[in-house]
Amino acid sequence: MNAYVNPEWPDQRLSDAEREAAVAELAIARAEGRLAPTEYDERAAAAQRAVTRADLAPLFADLPDPTSTLPASSVTTAPPPPVAVADSPTQRQSRALGGRIGDTIMALTPFLAVALFFITGFQVTFVWAWLWFLLIPIAGIIIYGPGNRSETEASARPSRALGGRIGDTVMALTPFLAVALFFITGFNGSFAWSWLWFLIIPVTAIIIYGPGGGSRRAQD
């Protein structure tokens, strides 16, 4: 006779493991075609609500002997399917040409441009020293240009920028904004300090692609 129908201690309260074992036994009956899906759902829900072993008896009254008996520790159930876990910022592949090396080069380019600007300015003249800042958008186009990954990768891989694609767009437009402001300020005032507009490029890059950008984007 089914051990669930005639338990040895009917008034003994069930443990969580024993309830799960009963549900697993019902799942076997469903897999064998003994229970319809709706019947299984109803009985599984009742098994989860059961308090004593006697509460399980009506659920197995019309079923043959199970493959295992109480206690639940003797029941072997199939492992649950693996749960897909979203990539963390440290696991996510880089979008840059050359991977992390490209990211590092792009991060250092603004500082290199500032250093070359001052070196050329003090040693020669500041009139054309600002041209070094053009290294930043050029490096960005080379390293993060659309040809560096396939369309499938582009659609499947999430953006590392704060704000996602919007952040990428803002970063792409920032160098052109800096150049425009440089010329506007230079021709209407003086080129001596108009180069400061180029500093918004590294500042924007730090805000959008900084260490906290990935976690903040995930929270959004």
Side-chain angles (χ1 to χ4, degrees), residues 81-220:
V83 179
V85 180
D87 292 340
S88 66
T90 56
Q91 295 174 326
R92 192 175 300 138
Q93 297 181 3
S94 172
R95 297 173 56 245
L97 177 65
R100 297 301 180 191
I101 297 176
D103 284 331
T104 303
I105 293 174
M106 191 65 237
L108 295 176
T109 299
F111 302 99
L112 175 63
V114 171
L116 291 173
F117 171 83
F118 282 110
I119 292 173
T120 306
F122 285 117
Q123 297 293 328
V124 185
T125 177
F126 282 101
V127 175
W128 299 106
W130 63 269
L131 290 171
W132 289 114
F133 288 101
L134 296 180
L135 285 174
I136 302 172
I138 292 174
I141 293 172
I142 295 174
I143 294 175
Y144 294 105
N148 294 331
R149 54 181 180 156
S150 66
E151 290 299 324
T152 302
E153 291 175 330
S155 59
R157 188 176 301 155
S159 172
R160 297 175 59 246
L162 175 63
R165 298 302 179 194
I166 296 176
D168 285 331
T169 303
V170 171
M171 190 65 242
L173 295 177
T174 299
F176 301 99
L177 175 64
V179 171
L181 292 173
F182 171 83
F183 282 111
I184 293 172
T185 307
F187 285 118
N188 288 281
S190 172
F191 283 100
W193 297 104
S194 60
W195 61 270
L196 289 172
W197 288 113
F198 288 100
L199 295 180
I200 67 174
I201 301 175
V203 171
T204 304
I206 291 172
I207 295 174
I208 294 178
Y209 294 106
S215 60
R216 286 177 289 169
R217 187 189 65 79
Q219 293 173 358
D220 295 339

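Only this structure's heavy atoms are used, side chains among them; waters, hydrogens and symmetry mates stay out. Keep in mind that what you see is a predicted model, and the values were worked out from it rather than measured.
In this structure, the side chains of Phe133 and Ile201 stay at 4.5 Å or more apart for every pair of heavy atoms. Residues Phe117 and Val114 have side chains not in contact (no heavy-atom distance under 4.5 Å, counting atoms from C-beta outward). Between Leu108 and Leu112 there is no side-chain heavy-atom pair separated by less than 4.5 Å.
The structure places CD1 of Ile200 at 10.5 Å from CD1 of Ile207, a figure rounded to the nearest 0.5 Å. One finds the OG1 atom of Thr120 at 9.5 Å from the CG atom of Leu131 (value rounded to the nearest 0.5 Å). Interatomic distance, Leu116 CG to Leu135 CG, rounded to the nearest 0.5 Å: 7.0 Å.
Residue Ile136 comes nearest to Thr109 through the heavy atom pair CA-CG2, 3.8 Å, listed as atom of the first residue, atom of the second, then distance. For the residue pair Pro137 and Pro175, the shortest heavy atom distance occurs at CB-CB, 3.5 Å.
Atom CD1 of Ile101 is surrounded by 12 or fewer heavy atoms from other residues, nucleotides or ligands within 6.0 Å. Taking a 6.0 Å sphere around CG of Leu134, one finds it holds more than 12 heavy atoms contributed by other residues, nucleotides or ligands.
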